[in-house]
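Single-structure report; data block below.
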Amino acid sequence: MPLSQNAFSSSSMFSSSYAPVYAKLNKRGGKNFSPDPTIRPKWALRKQLAIDRGVFVRLVPAACLWAPALLPFQGSRTCHRSRSATSATTGDVFALHIAALPVPSHALLHAPPHPRRTAERMSGSGAGGWSPLDSDHYPWLQVDLGSRKQVSAIATQGRYSSSDWTTRYRLLYSDTGRNWKPYHQDGNIWAFSGNSNTESVVRHDLQHSIVARYLRIVPLDWSREGRIGLRIEIYGCSYWADVINFDGQGVISYRFKMKKMKILKDVIALKFKTSESEGVILHGEGQQGDYITLELKKAKLVMQINLGSNQYGSILGHTSVTSGSLLDDHHWHSVVIERYRRNVNFTLDRHTQHFRTNGEFDHLDLDYELSFGGMPYSGKPSSGGRKNFKGCMESINYNGDNITDLARRKKLDTSSFRNLSFACMESHTFPVFFNATSYLQLPGRSSHDVVSVGFQFRTWNPNGLLLFSRLADGMVEVALNEGKVSVHINATQKKNTRIDISSGSGLNDGQWHDVRFLAKVNFSMLTIDGDDASAVRTNTPIQILTGGAYYFGGYFLRSSPVPTQRSFQGCMQLIHVDGQLADLHAVEQDRLGAFENISLDMCAIIDRCMPNHCEHGGRCAQTWDSFSCACDRTGYAGATCHTSVYEQSCEAYKHLGKMSDTYWIDPDGSGPLGPFKVNCNMTEDKVWTTVMNNLPPQTSVTGSSREKRTVLQLNYSASMEQVSAITSSAEHCEQRVAYACRMSRLLNTPEGTPYTWWVGKGSEKHFYWGGSGPGIQKCACGIDRNCTDPKYYCNCDADQKQWREDSGLLLYKDHLPVNQVAVGDTNRPGSEAKLTVGPLRCQGDSNYWNAASFTIPSSYLHFSTFQGETSADISFYFKTSAPYGVFLENLGNTDFIRLELKSPTVVCFSFDVGNGPVELNVQSPTPLNDDQWHRVSAERNVKEAALQLDQQYKEVRPAPAQGHTRLELYSQLYVGAAGGQRGFLGCIRSLKMNGVTLDLEERAKVTPGVKPGCSGHCTSYGMYCQNGGKCVEKYNGYSCDCTSTAYDGAFCTKDVGGFFEMGTLVRYNFMPEAAPAATKEGKGLSQNVALEANLTQEDLAFSFSTSSMPGILVYINSKTQDYLAVVLRHNGTLQIRYDLGGLREPFTIDADQRNLANGQPHNVNISRFHRSIRLQLDHYPPVTYTLPDASDTQFNLIKTLFLGKVFETGQIDPVLIEKYNTPGFVGCLSRVQFNGIAPLKAALRSRIAAPVSVKGKLVESNCGASPLTIPPMSAATDPWHLDSAGADFPFNEERVIPDGVNRNSAIIGGVIAVVIFTILCTLVFLIRYMFRHKGTYHTNEAKGAESGDNADAAIIGTEPNFTETIDESKKEWFI
């Protein structure tokens, strides 16, 4: 049927000659169109119509694919776009042409052919199109479809044979021709791209169809050569649904066929629209406490469901989920709830939340009825003051029953309605939408002594100008300042009078807020949200005389006075001036006031935080134009809190040079698992990850039996999902279990039913014990055949009265960790058991080392399509010697994502999500094809894209404010180059995409040109082996060989030192009479210095700390009389003594005049080359000394090295013996190294076979280690360390608190123990210090010391007359 001329309207038309009435279709011999007689489309109109304001319309059938919805609305069908014309079917479909689109013939829009018939193409010629007046500030073209239709596509064309076309436009829609809603796409008010010439047709299939009666096209940009010109065509389907109007009083009751319903599966669907922010949409409950409620709270949709709780409170079934916001916009919103048992899909406007209800029950037990529109009246105050729903609902379906149809046919109880209406009552408000350049000027009474204004506003911005008016003698400003409404009045009639009042808080929450302001002589009052009780009043003397014009939302005139703020972004409605409601319809028709850049009868507010793009618990904050995410205390970073700030494992921390400590790890990176704390133990060849549990060692168990076992639950410092992430990627895991027993049987071997079992991952029971394996019901002694009673396979199964124990390691990692232990034999008299379950320890990280080597340029690995529509991150390591190569790529129709090495110094990240290609490049200052490992991290989200290289060089590109955000890919993911592109040659390792590690090695095993694994890790990580440690290649990584250094640890950075008690010495023989057979580790110690060596250079390094003096720190002698000695003199200064022959007296160097016996660590480095001696003490600059010309330069035939004291026969410098050897060095020596020899380390490590011996007591300690000269990393640059994490994240901390005692208590106890130990050590030092002085007077201390100024002076004064004669050939010097 034809549409009436009144169905089309526009804001204006340029002139009568531009009216569409002159755009003729002029068929050029084309045949008349005839639809298939078997189908009777409702919109098969082809007649030319003269439309009011010059718009022509032609309605023809357009292809549309029909498919029943999951829960179809009554009388409606769903219209889907079809990419394939041959697969489409024709039904109740329309194509609406305005202003003769089919001109010329090649630009026609046609219906795709039906699979069984093809309509003949219609051609024609003519002229036409719509153009508004140049003075039209708000041009639009409007179409009335006669009834609500489902619109799926729109096409545009310029005016025929002109320079007029529209390049960009918006689409608005409405049910009533009022309260317009802009079409949204990708979270924004969408701007469609239009035409670039007058004839070509640009069609847009809507990402989601819309249902409306009225459509309005608003041009945004147009041809520079001409003006706005527009012809349009609209595609869609018919739509029909039953509507019920809820007045806030009436409730529809849907009575069940049975009084009580036990429901396992629910499907509920409905549409609603309202202008109220509160109201119950549906509710049902049962006498057992079950309920389901769907209601609006603060314009958000809240679903509450409870499948059952028990009376003791141990099972709490209440679950509450919130979705959407700004739902009081009086537009239709679609809701679908699908529940099966405890699994629920909650969908609002195409956004679905998947969740699982709390509790343990599966059925929803409801009694009698389910009510729609409010809470049923029960005579008891159970509703909690909840408001009934006020608005409209349509297409209500509950488990297949059409509630709206049943209500129309009076099959349901609707008696609570005063007047049940099946037509939707529309809102009477007229909103105005402001942007940063908008204003609305309304007239008011001039020269009046009262200012009275009122309005409602909603916004996300904390600041903005709401109202400004110039008074006859000043100004009044109402503004939003930091979420508060502030009023500023400045009157200057007699004297300068200023009034400032404010009220409210947090008013930038997107909700409607009411503002009323009244000012008159000596009185002002500001009321927010109708709360008269909290209204702000002032009686400041003031005279008011109005100016007659009120500016809402903006003021851009430069004349004085000016407001503190210039603009407002948001919406206003119900504007009152001088007590009268402003007629905004008259404003729209240019009959009242003035405006600029506003949108009338529309509030285009968007909640950019719903759905929340801030991941991992990030807090979303928004302004009108954008949102931001606060990621603090989440463990994640980036614009959307997507990327973890922690490494994936202890293995990764080691390869950043980290030492053993407690760290946060995040095994799946950006995945759903949160970060958690573990202990990382970096040994020389392995990295161990330890996860603690809360079971105290030797936990006593009594009173258990087979019928009533005692179950001990273990909670870990991480969730089971997090622990599983560790075990699944680990190369090896273990957990020690121990069962100490007395008359308590364990596994009841050899063939009985076990009394005790343990539960591991997956809640699976296991009947083997530590030291055994899966399927073997034995303990460790049963495997080793050394049980107490050989008849049994466990010591405890012998059931003896003495305490026995079965312990061992559980090694099958797929069963770990131990979650529960059920003990079942401690209820007999005298029976008792004590259980110990150690921490879970795992070694290695296969994900971190998962690598593939690409050996030919055309080689690649393929994986399934990468799913990263709105948020994607990619990270990996690579090494290559090639100058370029594609790392990976994934393609869509037009979208794509690619990472490549673009040049030897540039890594490129490129992608396209529909807005055109984007390319990020990071430049490296050094070549990347150096065959060393480099790390690449790329991320793309709705806010920005980022590319980072080696955790240093980074480029960030913000996403466009308006545009596509979804990355749609269809091809396989290719790692390496596919399709003849520039191939990658080299290695890729640890490739993670959105937290999932791709198994490169497994795929490489079956792919030609690609090999699993990659070698050459030392080229990149060898730098971490310090202090002379050697990097050793391993298949998965590397290790540091510290054998030939004075250090230990994973990176050869751990000082090896010892505490020397009085008389303790270490002797290292360079020329042993019978050298023991060196082990593999010991060889490196003896090969650096050849026997019978004559040295012309030495390197000696060590550190020490002491509070006693004098003492010999290091003494090295030879078979001749050559020696090198480092001594601590009586005054605490350091002296180096060289005697290489040729001199009458040894060459001495007094290193420093400071007292170094101050208990602090000091570092000494001595290097000699020929005559040049270089000495560095602590962090001071090195000093160079020169041996006299008469001195020899060869250290001949070195023989022995002594630490702490000399115990030797032969010729020895008597000064050393008399002055410094008694009673010996007391203190700490650390990291002693001489020409590649580490004598102290050899003495302390029994596994090292070396010619070393110790006399006295030597205790390993690093108390002599010198302090760091380089400060440690700050917290800002070292986020991984536990103390630097910034916040103690509450990830499962409650899991490890047994009986109120947690790890913090253990730490405090440890600190107290360290303090006590330090005090005891100090007392020991003081006692030894006193004892040494006491004994010195009876040994070799020179006489006269009592009268000397110091010990050195006393010795020097008495040196010619020693009390004893030293004959080194007969005496050994020791105490």
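All values derive from a computational prediction rather than experimental measurement.
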Pair Gln185, Tyr183 - check side chain to side chain donor-acceptor pair (under 3.5 Å), show working.
CA-CA 7 Å; Gln185 185 170 312; Tyr183 175 76; 3.2 Å; yes
Can you list the steps and then say if Val587 with Phe595 is a side-chain contact (heavy atoms from CB on, under 4.5 Å)?
CA-CA 8 Å; Val587 173; Phe595 62 87; 3.6 Å; yes
Go through the steps for Leu171 and Ile210 under the test side-chain contact (heavy atoms from CB on, under 4.5 Å), then give the verdict.
CA-CA 11 Å; Leu171 174 64; Ile210 58 176; 4.0 Å; yes
In sequence, state the C-alpha distance, the side-chain angles, and the governing distance for Leu574 and Thr429, and then conclude on side-chain contact (heavy atoms from CB on, under 4.5 Å).
CA-CA 7 Å; Leu574 301 177; Thr429 60; 4.2 Å; yes
Please step through salt bridge (charged side-chain N to carboxylate O under 4.0 Å, His left out) for the pair Arg516 and Asp532, ending with a clear verdict.
CA-CA 10 Å; Arg516 286 183 288 163; Asp532 294 330; 3.2 Å; yes
Evaluate side-chain contact (heavy atoms from CB on, under 4.5 Å) for Ser334 paired with Asp349, printing each intermediate quantity in order.
CA-CA 5 Å; Ser334 174; Asp349 294 337; 4.1 Å; yes
Run the numbers on Thr459 and Asn461 for side chain to side chain donor-acceptor pair (under 3.5 Å), then give the verdict.
CA-CA 6 Å; Thr459 184; Asn461 289 355; 4.7 Å; no
How far apart are the C-alpha atoms of Thr319 and Thr357, what are their side-chain angles, what is the distance that settles it, and do they pass the side chain to side chain donor-acceptor pair (under 3.5 Å) test?
CA-CA 6 Å; Thr319 306; Thr357 60; 5.0 Å; no
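Side-chain atoms of Gln353 come within 3.5 Å of backbone N or O of Thr322 as a donor-acceptor pair. With hydrogens and angles ignored, the 3.5 Å screen pairs a side-chain donor or acceptor of Asp247 with a backbone N or O of Gly250. The backbone N or O of Val251 lies less than 3.5 Å from a partner atom in the side chain of Ser416, making a donor-acceptor pair. Between the side chain of Arg148 and the main chain of Ser238, no donor-acceptor pair closer than 3.5 Å is present.
Around the CD atom of Gln580, the shell of radius 6.0 Å holds no more than 12 heavy atoms that belong to other residues, nucleotides or ligands.
Annotation: side chain of Asp266 is not in contact with side chain of Ile337 (no heavy-atom distance under 4.5 Å). At a threshold of 4.5 Å between non-hydrogen side-chain atoms, the residues His613 and Phe627 count as touching. Taking 4.5 Å as the limit, every side-chain heavy atom of Leu270 sits out of range of all side-chain heavy atoms of Asn397. Using a 4.5 Å heavy-atom threshold, the side chains of Leu440 and Ile575 count as touching. Looking at Ile252 and Ile403, their side chains come closer than 4.5 Å, going by heavy atoms from C-beta outward. With a 4.5 Å cut-off on side-chain heavy atoms, Tyr550 and Val453 count as touching. Proximity of Leu507 to Leu480: side-chain heavy atoms (C-beta onward) are separated by under 4.5 Å at one or more points. A heavy-atom distance below 4.5 Å is found between the side chains of Leu264 and Tyr340.
Under the 6.0 Å cut-off for aromatic ring centres, Phe455 and His576 do not qualify, their centroids lying 6.0 Å or more apart. The six-membered or imidazole ring of His331 lies away from that of Phe272, with a centre-to-centre distance of 6.0 Å or more.
Nearest heavy-atom pair, Ala582 versus Leu442, reported as atom, atom and distance to 0.1 Å: CB-CD1, 3.7 Å. Closest non-hydrogen pair, Asp175 versus Arg213, comes out as O-CB, 3.7 Å. The two residues Asn358 and His318 have their closest heavy-atom pair at ND2-O, 2.8 Å. When all heavy atoms are compared, the tightest approach of Ala212 to Leu145 is O-CD1, 3.9 Å. Taking both residues in full, the closest heavy atoms of Ser395 and Tyr239 are given as OG-OH, 4.4 Å, listed atom of the first, atom of the second, then distance. Closest approach of Tyr254 and Leu406 over heavy atoms only: CE1-CD1, 4.3 Å.
For Lys273 and Asp328, the salt-bridge test fails: no basic side-chain N is under 4.0 Å from an acidic carboxylate O. For the pair Lys390 and Glu278, the salt-bridge criterion is not met [side-chain N within less than 4.0 Å of a carboxylate O].
Looking only at atom types and distance, the side chain of His283 has no donor-acceptor partner in the side chain of Ser371 under 3.5 Å away. In this structure, a donor-acceptor pair under 3.5 Å is present between the side chains of Thr404 and Asn402.
Summarising the geometry, atom CG belonging to Asn245 is positioned 4.5 Å from atom SG belonging to Cys392; distances are rounded to the nearest 0.5 Å. With rounding to the nearest 0.5 Å, the separation of NE2 in His354 from OG1 in Thr347 is 7.0 Å. Distance check, rounded to the nearest 0.5 Å: CG of Asn612 to NE2 of His351 gives 9.0 Å. Of the inter-residue distances, the one linking Leu294 atom CG with Leu282 atom CG reads 4.5 Å to the nearest 0.5 angstrom. Atom CG in Asp362 sits 5.0 Å away from atom CZ in Arg341 (nearest 0.5 Å). To the nearest 0.5 angstrom, Lys410 atom NZ is 12.5 Å from Leu412 atom CG.
Taking the six-membered ring where tryptophan is involved, the planes of Phe457 and His513 are tilted, since the angle between them lies from 30° to 60°.
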Could you list the donor-acceptor pairs under 3.5 angstrom formed by side chains in residues 300-307, with sequence neighbours left out?
{"from": "Gln304", "atom 1": "NE2", "to": "Glu295", "atom 2": "OE2", "distance (Å)": "3.0"}
{"from": "Asn306", "atom 1": "OD1", "to": "Gly308", "atom 2": "N", "distance (Å)": "2.7"}
{"from": "Asn306", "atom 1": "ND2", "to": "Ser309", "atom 2": "OG", "distance (Å)": "3.4"}

Under 3.5 Å, which donor-acceptor pairs link side chains of residues 599-609 to any protein atom two or more places apart or in another chain?
{"from": "Asp601", "atom 1": "OD1", "to": "Asn179", "atom 2": "N", "distance (Å)": "3.0"}
{"from": "Asp601", "atom 1": "OD2", "to": "Arg178", "atom 2": "NE", "distance (Å)": "3.0"}
{"from": "Asp601", "atom 1": "OD2", "to": "Asn179", "atom 2": "N", "distance (Å)": "3.1"}
{"from": "Asp607", "atom 1": "OD1", "to": "Cys609", "atom 2": "N", "distance (Å)": "2.9"}
{"from": "Asp607", "atom 1": "OD1", "to": "Gln622", "atom 2": "NE2", "distance (Å)": "2.7"}
{"from": "Asp607", "atom 1": "OD2", "to": "Ser325", "atom 2": "OG", "distance (Å)": "2.2"}
{"from": "Arg608", "atom 1": "NE", "to": "Trp624", "atom 2": "O", "distance (Å)": "3.1"}
{"from": "Arg608", "atom 1": "NE", "to": "Asp625", "atom 2": "O", "distance (Å)": "3.3"}
{"from": "Arg608", "atom 1": "NH1", "to": "Asn188", "atom 2": "OD1", "distance (Å)": "2.8"}
{"from": "Arg608", "atom 1": "NH2", "to": "Trp624", "atom 2": "O", "distance (Å)": "3.4"}

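Every pair passing ring pair (Phe, Tyr, Trp, His ring centres under 6.0 Å) that includes a residue from residues 402-430 is listed here, sequence neighbours excluded: Phe246-Phe417, Phe430-His585.
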